[in-house]
Amino acid sequence: MTQPLATIATSRNEDWWQTRHQQKLAEIQIIHQPLDILFLGDSITHAWEVEGEKSWQQHFAHLQVCNLGYAGDRTEHLLWRIQQGEIANLEAKTVVLLIGTNNAGHRLDSPQDIAAGVEAILTELKQRLPHSKIILMAIFPRSRNTNKPMRRRVDATNLLLKEFADGKQVIWLDINHHFLTEDGTLLESVMPDLLHPNDLQYDIWAKEVLNNFDAW
């Protein structure tokens with residue numbers, strides 16, 4: 001059986017991506033440790049520095065927090081970054097992992113392949129950060145309603161990801177109900193492109209993370 005691309009650590013060639021990687025490698029050398037919260041992910045995590053900046057300052061300024069989100073990353077890109085030093089010698093009380101939507105959207109990976117990619121990342125995190133608690137986020141909803149193929153792919157993936165939570169080192173956090181109407185509709189007033197949250201949603205996400213951070 002062919003190994004899913006989602007599980008094969010892969011770098012990206014874009015200049016900005018390589019530059020950000022080098023910047024983050026330098027940042028972790030001087031950051032105060034142990035970290036309270038380490039965020040890992042794609043553009044939705046990256047955007048704590050844009051749409052989510054206000055909420056980041058409001059909720060996390062008093063903590064030691066690091067953002068390792070990169071716009072456009074799929075599971076294999078995050079896997080590569082982890083293996084190439086981005087969490088080397090780090091100590092973190094809590095890791096927040098949100099990844100996989102670009103596997104669903106860019107390459108139309110199957111839920112099984114996306115879940116395999118996330119599982120590979122979790123394996124690395126458990127080995128490299130054995131004392132960290134990991135908050136595994138449900139992939140945020142995308143597309144307007146539950147009948148859209150992209151939404152179905154994400155929802156099916158989340159059912160698989162939930163099984164990786166052991167209630168000990170890895171906990172499952174699904175906040176998707178905050179983003180949807182009662183009938184499951186995703187509105188542009190929540191995610192303007194039906195994928196990326198606006199600033200108000202980052203406030204919700206921050207509060208949910210802190211509720212679980214405080215619960216350890």
Atom pair [atom1] ([X]) and [atom2] ([Y]), whose distance is rounded to the nearest 0.5 Å:
| X | Y | atom1 | atom2 | answer |
| --- | --- | --- | --- | --- |
| Lys54 | Leu200 | NZ | CG | 8.5 Å |
| Leu97 | Leu38 | CG | CG | 9.5 Å |
| Arg128 | Lys126 | CZ | NZ | 15.0 Å |
| Leu125 | Ser132 | CG | OG | 8.0 Å |
| Glu119 | Thr7 | CD | OG1 | 10.0 Å |
| Lys24 | Arg81 | NZ | CZ | 9.5 Å |

Could you tell me whether a side-chain N or O of [X] sits under 3.5 Å from a main-chain N or O of [Y], the two making a donor and an acceptor?
| X | Y | value |
| --- | --- | --- |
| Arg151 | Arg144 | yes |
| Asn103 | Thr75 | yes |
| Gln33 | Ala92 | no |
| Asp203 | Ser55 | no |
| Asn145 | Gly184 | no |
| Asn198 | Ser189 | yes |
| Asn212 | Glu208 | yes |

More than 12 heavy atoms of other residues, nucleotides or ligands under 6.0 Å from CG of Asp193: yes or no?
yes
If you count heavy atoms of other groups shown closer than 6.0 angstrom to CG of Asp183, is the number above 12?
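Yes, the 6.0 Å shell around CG holds more than 12 heavy atoms from other groups.
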Do the side chains of [Y] and [X] get nearer than 4.5 Å, heavy atoms only?
| X | Y | result |
| --- | --- | --- |
| Arg74 | Asp42 | no |
| Ile204 | Gln201 | yes |
| Val190 | His178 | no |
| Ile87 | Leu68 | yes |
| Ile99 | His77 | no |
| Arg152 | Thr146 | no |
| Ile44 | Tyr202 | yes |
| Leu173 | Val96 | no |

Going by the angle between their ring planes, with limits at 30° and 60°, are Trp17 and Trp80 parallel, tilted or perpendicular?
tilted
Indicate, with yes or no, if [Y] and [X] share a hydrophobic cluster defined by side-chain heavy-atom contacts under 4.5 Å among Ile, Leu, Val, Met, Phe, Trp and Tyr.
| X | Y | answer |
| --- | --- | --- |
| Leu210 | Leu98 | yes |
| Met150 | Leu180 | no |
| Leu78 | Val170 | yes |
| Leu5 | Leu122 | no |
| Tyr70 | Leu90 | no |

Please find the pair of heavy atoms, one from [X] and one from [Y], that lie closest to each other, and give the distance.
| X | Y | result |
| --- | --- | --- |
| Ala115 | Leu161 | CA-CD2, 3.7 Å |
| Ile28 | Ala88 | CD1-O, 4.1 Å |
| Ile139 | Ile114 | CD1-CG2, 4.3 Å |
| Ala206 | His59 | CB-CD2, 3.5 Å |
| Arg12 | Ala71 | NH1-O, 2.8 Å |
| Lys148 | Ser143 | CB-CB, 3.6 Å |

Pairing donors with acceptors under 3.5 angstrom, does anything connect the side chains of His21 and Glu86?
yes
For Leu195 and Phe140, what are the C-alpha separation, side-chain angles and deciding distance, and is it a side-chain contact (heavy atoms from CB on, under 4.5 Å)?
CA-CA 8 Å; Leu195 172 61; Phe140 288 178; over 6 Å; no
Criterion side-chain hydrogen bond (donor to acceptor under 3.5 Å, both in side chains) against Thr101, the qualifying member of Arg153, His106, Arg142
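Running side-chain hydrogen bond (donor to acceptor under 3.5 Å, both in side chains) over Arg153, His106, Arg142 with Thr101 returns exactly one hit, Arg142.
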Check the pair Thr45 / Leu40 against side-chain contact (heavy atoms from CB on, under 4.5 Å), numbers first and verdict last.
CA-CA 7 Å; Thr45 298; Leu40 297 172; over 6 Å; no
Run the side-chain contact (heavy atoms from CB on, under 4.5 Å) test on Thr157 and Val118 for me, step by step, so that the C-alpha distance in whole Å, both residues' side-chain angles and the decisive distance to 0.1 Å come before the verdict.
CA-CA 10 Å; Thr157 302; Val118 174; 5.9 Å; no
How far apart are the C-alpha atoms of His131 and Glu91, what are their side-chain angles, what is the distance that settles it, and do they pass the side-chain contact (heavy atoms from CB on, under 4.5 Å) test?
CA-CA 8 Å; His131 304 298; Glu91 294 182 36; over 6 Å; no
Does the distance from a Lys or Arg side-chain N to an Asp or Glu carboxylate O, for Asp109 and Arg107, drop under 4.0 Å?
yes
Could you check whether Phe39 and Trp56 have their ring centres less than 6.0 Å apart?
yes
